[in-house]
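Structure, as structure tokens:
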Amino acid sequence: MMRNLLKRHYFMKEQGSILALVVMTLALLSILGLALATVSFANVNLTTVDRDYQSTYYIAEAGANQTYVEIEDMVNSAYESTASQAEFFNELNEKITVLSGQELTNFSSSFGEQPTAEISIQSISEGNPRQYQIVSKGEIGKRERSVTKGFQVNWKSGSGVQFPSNAVAVLKDSVSLNGGATVSGDVYLDSLKQDTVSMSGGTKFKDGKIYVPSKEAANHALNAPNHLKDSVQIVASQYQVPWSDYQQLINAFPLIPSYAFLPNQTIGGQYNRFEVIKNGDLNINSWQADGYNLDLKQHVSFNNINVTSNNSLNIDTNNKTSDIVVNNLNISQGKISLVGSGTVNLYIKNDFSLGGGTKINMDGETSQLNIYLAGTNKSLKLSGNQKINGSLFAQDSNLTLTGGGGFQGYILTGGDQVTFDGGSFSEIFLLAPNAEISASGGANIYGTLIGKKLIGSGGTNVIFQALNIEDFPFGSDNSKQKIITQEPSIELD
């Protein structure tokens, strides 16, 4: 019996321990469940707050991006409808002023609340290029976040070159006429100095005005005898000459490419054999080579190209654009003609020597020949009835066109002296922002001259002639750049 009592006591004690363990387990699970519920509820609240916070940022960013797209359209519209930098920015700023201050509400509702974006636009620089900043404040309910988005507007003419209409000369410093010289067309002087316009000896300005930067400059710009003063109109202008753009064009002289030499070539029959191409030289200096046809099927290089004794060289363009790179181009007397409708880019590394009667591309279009003359401290002289129909980019050369020499096309040079002495130069556009331009000896120049100063004498005539600058061949890639460029959105503190 005692044994049964002990068993019963042990069994009851064991049941009590199990009950206690069950109660403790249930209590622990309850605590864990409550904690889990609390954490879950807190996470839901945090997720809701974070959702609203992120949504507000996205609304602010969307407002900035939407506004930028509208401004991009405005920029393109203003660019198409205006002809000058001043007109362009005036029209653009008027449109931006209307856009600034608007509230955008074209967003889907967020959990029953209507998101909005409040827009403001600021101009943070003047001149060209010009910096702007969009500030967009996004709001959802009582939450708000703001972002800023910068953009830059860089106006350029369609060709990458801009100058006033009817401008025969755009000058950084001064213009001086004597000895019967005449200038026909508008002259723009970007100088506030005294006596920037000098006249003597029966000279005249006609069919235009002289524009200077201010009324004060207009009052003291002219230095001329009394009988000439009444024939000159000097007025103030708001036009800002883009000298930095001009210099950028000069600085953009291209890297000269490198190509393989053509293999040696011998022409002629059994008894008049002639090595027209030998060791990288193209020799048009013998009667056997007269009229030789250089078939440009690829870009090529030469050490020297020699044309002498009135011989002619025909370059077959195969109706495409090709490069010719040469160390020295020597044409003591002869003719180079382009065959077909293609374009030749002629890169000259060192010397460009021309003799009497030389003619280059006289039967072709100006746009078919672009000459790049590299190097510094060089001087290129066209004289003795030499003629070039094409465009010349001289990296840092002084140019002399004299003795009946003629040039038709565009000229860029970083040199400090350009001289016209006799001869007639039609449809010429000269961009030489660092150069003194001298015209004398009865030279007749038709086109536009851009430089540091102009000195005319000896019966010279400088006459404005309208040119299609859209065909300007140098630095044209600049015009292909976007007028407006954007920066990424950044959140404001």
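Quick caveat: nothing in here was measured; it's all calculated off a predicted structure.
Taking the six-membered ring for Trp and the full ring otherwise, the centers of Phe274 and Tyr292 sit at least 6.0 Å from each other. Not less than 6.0 angstrom separates the ring centroid of Phe474 from the ring centroid of Tyr410.
In this structure a side-chain-to-backbone donor-acceptor pair under 3.5 Å is present from Asn389 to Gly364. Looking only at distances, a side-chain donor or acceptor of Ser125 sits under 3.5 Å from a matching main-chain atom of Gln131. Side chain of Thr358 to backbone of Ile331: a donor-acceptor contact under 3.5 angstrom is found. The backbone N or O of Asn279 sits less than 3.5 Å from a side-chain atom of Asn264, completing a donor-acceptor pair. A donor-acceptor pair is defined here as one N or O able to donate and one able to accept, closer than 3.5 Å; such a pair exists between the side chain of Gln368 and the backbone of Gly342. In this structure, Asn361 contributes its side chain and Glu365 its backbone to a donor-acceptor pair below 3.5 Å. For the pair Thr317 (side chain) and Val339 (backbone), a donor-acceptor distance under 3.5 Å is present. Using modelled atom types, no side-chain atom of Asn272 and backbone atom of Gly268 make a donor-acceptor pair closer than 3.5 Å. No side-chain donor-acceptor contact under 3.5 Å links Gln152 to the backbone of Thr485. Distance alone, capped at 3.5 Å, is enough to place a donor-acceptor pair between the Asn311 side chain and the Thr308 backbone.
When all heavy atoms of Ser309 and Ser332 are compared, the pair lying nearest together is N-OG, 4.5 Å. For the residue pair Glu436 and Gln417, the shortest heavy atom distance occurs at O-NE2, 3.1 Å. In plain terms, the two heavy atoms of Lys320 and Lys297 that are nearest each other are NZ-O, 3.0 Å. Across all non-hydrogen atoms, the minimal contact from Thr460 to Gly441 is OG1-N, 4.1 Å. For the pair Thr366 and Ser391, the tightest heavy-atom approach, listed with the atom from each and the gap, is CG2-OG, 4.2 Å. In plain terms, the two heavy atoms of Lys453 and Leu171 that are nearest each other are C-CD2, 3.9 Å.
Of the inter-residue distances, the one linking Met199 atom CE with Leu222 atom CG reads 7.0 Å to the nearest 0.5 angstrom. Atom-to-atom distance recorded for Asp173:CG and Asp190:CG is 10.0 Å, nearest 0.5 angstrom. Taken from CD1 in Ile315 to CD1 in Ile324, the straight-line distance is 4.0 Å, to the nearest 0.5 Å. We find the CD1-OG1 distance between Ile210 and Thr196 to be 8.0 Å, quoted to the nearest 0.5 Å. Atom CG of Leu467 and atom CZ of Phe472 lie 11.0 Å apart (nearest 0.5 Å). We find the CD1-CG distance between Ile450 and Leu430 to be 8.0 Å, quoted to the nearest 0.5 Å.
Evaluation of the side chain to side chain donor-acceptor pair (under 3.5 Å) test over residues 178-189, restricted to residues two or more places apart or in two chains, returns Asn166-Asp186. Screening residues 294-352 for ring pair (Phe, Tyr, Trp, His ring centres under 6.0 Å), with sequence neighbours left out, gives Tyr259-His299, Tyr347-Tyr372.
At a threshold of 4.5 Å between non-hydrogen side-chain atoms, the residues Val418 and Leu449 do not count as touching. Residues Leu354 and Ile388 form a side-chain contact, since some pair of their non-hydrogen atoms from C-beta on lies under 4.5 Å apart. Residues Ile119 and Leu99 are not in side-chain contact: their nearest non-hydrogen atoms beyond the backbone lie 4.5 Å or more apart. Residues Val168 and Asp207 are not in side-chain contact: their nearest non-hydrogen atoms beyond the backbone lie 4.5 Å or more apart. Two residues are said to be in side-chain contact when any heavy atoms from C-beta on lie closer than 4.5 Å; Tyr211 and Tyr239 fail this criterion.
Side-chain contact of Asn434 with Asp416: a donor-acceptor pair under 3.5 Å is absent, judged by distance alone. In this structure, a donor-acceptor pair under 3.5 Å is present between the side chains of Asp290 and Ser312. No donor-acceptor contact under 3.5 angstrom links the side chains of Lys149 and Thr67, judged on distance only. If you check the side chains of Asn318 and Asp295, you find a donor sitting under 3.5 Å from an acceptor. Judged by distance alone, the side chains of Asn251 and Gln247 do bring a donor and an acceptor atom under 3.5 Å apart.
Applying the 6.0 Å contact sphere to CG of Asn319 captures more than 12 heavy atoms from other residues, nucleotides or ligands. Heavy atoms of other residues, nucleotides or ligands lying less than 6.0 angstrom from CD1 of Ile124 number more than 12.
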Pair Val187-Leu454, side chain to side chain contact (heavy atoms under 4.5 Å, CB included): steps then yes or no = CA-CA 10 Å; Val187 176; Leu454 172 62; over 6 Å; no

query = For Phe420 and Phe425, what are the C-alpha separation, side-chain angles and deciding distance, and is it a ring-ring contact (aromatic ring centres under 6.0 Å, His included)?
reply = CA-CA 9 Å; Phe420 298 89; Phe425 309 93; 5.2 Å; yes

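Partners of Lys172 according to the salt bridge (Lys or Arg N to Asp or Glu O under 4.0 Å) rule, which considers only residues two or more places apart in sequence or in another chain, do not exist here. For Asn293, there are no side-chain hydrogen bond (donor to acceptor under 3.5 Å, both in side chains) partners, not counting sequence neighbours. For Phe253, the ring-ring contact (aromatic ring centres under 6.0 Å, His included) partners are Phe393, not counting sequence neighbours. Asn304 meets the side chain to side chain contact (heavy atoms under 4.5 Å, CB included) test with Asp281, Asn306, Asn328, Asn330; sequence neighbours excluded.
Taking a cutoff of 4.0 Å between a charged side-chain nitrogen and a carboxylate oxygen, Asp363 and Lys335 qualify as a salt bridge.
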